[in-house]
Amino acid sequence: MMLSHTSRNCWEIYSGQKDEKAMSALAKGYIEFLSLCKTERETVDYAEKRLRAAGFSPDCKTDRVMRVLHGKSMCVVRRGNAPLKQGLRLICAHADTPRLDLKQHPLQEQAGVGQAKTHYYGGIRKYQWFARALALHGVVVKQDGTVISVVLGENMRDPVFTIADLLPHLAQGQAEQSVAKAFDPEKLNIILGHKPLFDVDKKKNRTAKAFELGKPVAGKAPEQDAERGDTREKTPIKTHILSLLQQQYDIIEEDLYSAELQAVPAGAARFVGLDAALIGGYGQDDRICVFAALEAFLSDVENRPSHTQYLIFWDKEEIGSEGSTGAKSRFFEYCLQEIIAAWESDTRFSDVVLASKALSADVHAAVDPDWQELHEKLNAATIGHGPCFCKFTGHRGKYEANDAHPEYIAWLRSVLNSKGIPWQMAELGKVDGGGGGTVAMHLAAYGMNVIDCGPPILSMHSPFEIASKADLYATMLAYKAFLQA
Ligand code: MN
Ligand code: MN
């Protein structure tokens, strides 16, 4: 018997041909998913399509139910043999990712360039967003309710967008500032265009007309109002941008007020390294968990599971789980209540949640090879060593943490160990040196057992996050073992 314990390298465990083949197939599917799904809506759409193909529908009278809220979060339920009062096997993950959202009045023109102003969403390091190709993803909703989907900058035929960075020759002042002060978020303005539109035919060009009719908005500086009233002469680049938007999407400037347009890194996810053993791409926190959970959930969809399985994909985790589609909302509760009413109306909601076991599927920080001093290495996650349990998140004396119960952790150990699935345990950074929250505490509020569990990631929250192919595989197997336990 081994007295001491160390985590194991997944590459060693999964070195057999069968595993390597399955690992590669999973990674390939993941790269396609990651390249396609860059917003919460796109992620939920993707999951919805795959689940519908597997027989899931909103109908609670069936054994395979899925519900989508506002296109941004979803609950998925698959009925098990055991009655609901024996609890759910629940995995939740979040589909939103840090990015730059276009402001409601995004368009401006200055110094020969047409720009879109942004307000960042979630925890970004602002300097990472300059001088790189960006794509625009999102929706514009017209007054009549028409929802126009926008994906611009992904197809090689599309133009991309970018934020210009300061040249080193003029950056001396900036270089002396702290990182926190050096990057003004009001300078995160995305270049949308450059060519002016001078010859606007008043009668024929609908864009110009629509724009002229647009009312000046209260609270703007007088010179900007003057600008708005006489756009064709003073802001011909902006007029051209509006004209192109009108031609392409049949929208006018006012439609941008009822829009959610997100600037995200353009381009596909890629394998990284000579061995192609790592996966690089935007939005892996937390889409790697969404993907792994979905794959685990759908891998054995034909056989009825012992316990009812429940997936939740939430939105707004990166901004504190607020809003109607975040984990603090009642959506999960409403869905489960409907399921109970349809399947076992005599069962109490509290009995179901109290008996449930949950994984808060979210990524963990891997030890950064170049910043090892920021981790307490005895309690840090190593990339390639499998999914990482985090007993508590929070910060400074475990504040705002869900502190998972040892009885539950013991049960999870037995589930994974009995199947030979590698796992590790870690906390985020040194004590008082870091911290962060997840949705675990919002499920814990129901009294259910829950713990954070997800793969370690390098460059987390950056435009190019790094995950290990082996961790993706081990995480999917861990989620599958959990769902079936
Ligand atoms: Mn996360
Ligand atoms: Mn995050």
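For ligands, and for the atoms within them, numbers begin at 1 and follow the listed sequence. Numbers for residues simply follow the sequence, beginning at 1.
- Here CD1 of Ile451 is found 7.5 Å from NZ of Lys391. Values are rounded to the nearest 0.5 Å.
- Remark: Lys357 fails to qualify as a cation-pi partner of Tyr408 under the 6.0 Å distance and 45° angle criteria applied to the six-membered ring.
- Defined by atom type and a distance below 3.5 Å, a donor-acceptor pair is present between the side-chain atoms of Glu154 and His137.
- Of the candidates Val450, Leu412, Leu90, Leu412 is the only one forming a side-chain contact (heavy atoms from CB on, under 4.5 Å) with Leu359.
- Residue contact annotation: His461 places an N/O/S atom under 2.8 Å from the Mn ion (ligand 2).
- Using a distance-only test at 3.5 Å, with no hydrogens or angles considered, a donor-acceptor pair links the side chain of Lys430 to the main chain of Glu373.
- Asp285 has its closest N, O or S atom to the Mn ion (ligand 2) at the position named OD2.
- Taking 2.8 Å as the threshold, Glu318 counts as a candidate ligand of the Mn ion (ligand 2), since one of its N, O or S atoms lies below it.
- At a threshold of 2.8 Å, the Mn ion (ligand 1) has a backbone or side-chain N, O or S atom of Asp362 nearer than that distance.
- Taking backbone and side chain together, Cys289 holds no N, O or S atom under 2.8 Å from the Mn ion (ligand 1).
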